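Since the structure comes first, as structure tokens, the remarks are kept for the end.
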Amino acid sequence: MTVNGKTRVCAIIGDPVEHSLSPVMHNAAFKKLGLNLVYVAFTVTSTELKTAVLGAKSLGLKGLNVTMPHKNAVMNYLDAVDSTAKSIGAVNTVLNNQGKLIGYNTDGSGAMIALQENGVDPEEKKLVLLGAGGAAKAIAYQAAQDVEELVILNRTPEKAKKLAEALKSFGAKVKAGTLSSKVLEEELPTTDILVNATSVGMHPDVDISPVPSDLLHSDLSVMDIIYNPLETKLLKDAKSAGAKVVSGIEMLLYQGAVAFEIWTNCPAPVEVMREAALNELEKQGVCL
Ligand code: ATR
């Protein structure tokens, strides 16, 4: 594309951001649709967050993605935050709507769309979510609206309980517990969907899994939100057990697709975005 006087900018802000897959993913999508937009990454430290966000507004950036460690703090500098992002307490996407910055959270919806687009329908299903950190919280808010039963298991059970308590008003039956072999053994036989939102199995700890392999079964659909490695030990074990598997790149892709649609009002070209993200992962030496 030609960068000209009318080109608008979208950016990711965070620290670190050098390995983010969002620039290649969104630039491929802008190019595919012939949009006069360009996407860049800015390293922004916590002390610079306020001036960075106000600067983005002054410069008329079209949109922002916000990553660690600013997903919570950024809310202080926006003109409005949508209700889902407010409940989650984290913003990962900002739209500059004619000079007003509006915050959204596309992580949870991205995860649930990733499941659906990969043939896993959450309706009337039991979903076990591993983890109660930032990513798990976003997924839990969306899952509680989509599934029949949600079980949140975490190494620190108090965090899972607090999260479950906050989800009481949603439709699903929600319970919480400890992430342990004993609890997994009780829960997994009746589970339809298992989502790992802990960091267990992430590079370099590629030989560990949050779930003993003998508890996985062929009626399960398993999604890991880790994408380095692309096929975690959990996903390898799940595949061997005959379960359906959805890789972490899918959540990344669909949270990006939802952000793209917020900025552009155009349906996201997901195939182009997936290809760009996978190419970049390969360039970065991630095992595909
Ligand atoms: P993110 O923003 O990626 O969700 P996070 O908020 O730091 O990151 O959350 C990490 C999650 O992985 C938490 O649920 C954490 O469990 P605790 O709340 O008990 O810390 C989980 N986690 C990290 N290391 C773990 C391990 N070795 N075993 C089990 N759970 C682990």
Side-chain angles (χ1 to χ4, degrees), residues 12-17 19-22 46 49 65-75 84-85 87-93 103-112 114 127-144 150-167 174-185 187-188 194-213 215 222-230 232-235 237 247-256 259 286:
I12 182 164
I13 58 170
D15 187 15
V17 288
H19 296 291
S20 169
L21 301 179
S22 296
S46 295
L49 179 63
N65 278 139
V66 183
T67 188
M68 298 311 289
H70 306 316
K71 287 186 178 189
N72 304 103
V74 73
M75 293 198 286
T84 305
S87 313
I88 297 168
V91 159
N92 77 326
T93 299
Y104 298 89
N105 190 308
T106 70
D107 286 330
S109 51
M112 295 311 287
L127 187 151
V128 169
L129 176 64
L130 309 181
K137 194 171 179 188
I139 297 169
Y141 267 87
Q142 190 62 49
L150 172 64
V151 181
I152 305 166
L153 303 179
N154 197 42
R155 175 177 62 179
T156 315
E158 295 75 26
K159 276 167 72 179
K161 282 179 186 142
K162 193 172 164 216
L163 179 52
E165 194 67 23
L167 299 171
V174 185
K175 63 179 189 179
T178 307
L179 173 50
S180 67
S181 299
K182 183 175 169 284
V183 175
L184 287 168
E185 201 176 336
E187 296 293 343
L188 288 187
L194 173 67
V195 176
N196 176 39
T198 73
S199 48
V200 180
M202 192 186 287
H203 181 80
D205 299 320
V206 298
D207 294 326
I208 56 171
S209 164
V211 181
S213 58
L215 299 181
V222 182
M223 180 164 82
D224 204 325
I225 72 162
I226 293 169
Y227 57 85
N228 184 8
L230 202 56
T232 56
K233 175 157 181 4
L234 171 64
L235 293 189
D237 291 346
S247 87
I249 200 80
E250 297 295 305
M251 170 166 163
L252 177 88
L253 173 65
Y254 285 99
Q255 66 72 33
V286 172

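Both counts, for ligands and for their atoms, begin at 1 and track the order of listing. Since the structure is predicted, the reported quantities are computational estimates derived from the model, not experimental observations.
When all heavy atoms of Pro212 and Leu184 are compared, the pair lying nearest together is CD-CD1, 3.9 Å.
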Can you give me every donor-acceptor pair (side chain of residues 194-204, partner residue at least two apart or in another chain, under 3.5 Å) with its distance?
{"unit_1": "Asn196", "atom_1": "OD1", "unit_2": "Thr198", "atom_2": "N", "d": "3.0"}
{"unit_1": "Asn196", "atom_1": "OD1", "unit_2": "Thr198", "atom_2": "OG1", "d": "2.7"}
{"unit_1": "Asn196", "atom_1": "ND2", "unit_2": "Asp224", "atom_2": "OD1", "d": "3.0"}
{"unit_1": "Thr198", "atom_1": "OG1", "unit_2": "Val200", "atom_2": "N", "d": "3.1"}

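Looking at heavy atoms from C-beta onward, Asn105 lies out of side-chain contact with Lys137 at the 4.5 angstrom threshold. Residues Asn154 and Lys161 are not in side-chain contact: their nearest non-hydrogen atoms beyond the backbone lie 4.5 Å or more apart.
Ligand 1 is surrounded by Gly131, Ala132, Gly133, Gly134, Ala135, Asn154, Arg155, Thr156, Lys159, Thr198, Ser199, Val200, each with at least one heavy atom closer than 4.0 Å.
Proximity of a side-chain donor or acceptor of Asn92 to a complementary backbone N or O of Thr106 within less than 3.5 Å is detected. Side chain of Gln142 to backbone of Ile139: no donor-acceptor contact under 3.5 angstrom is found.
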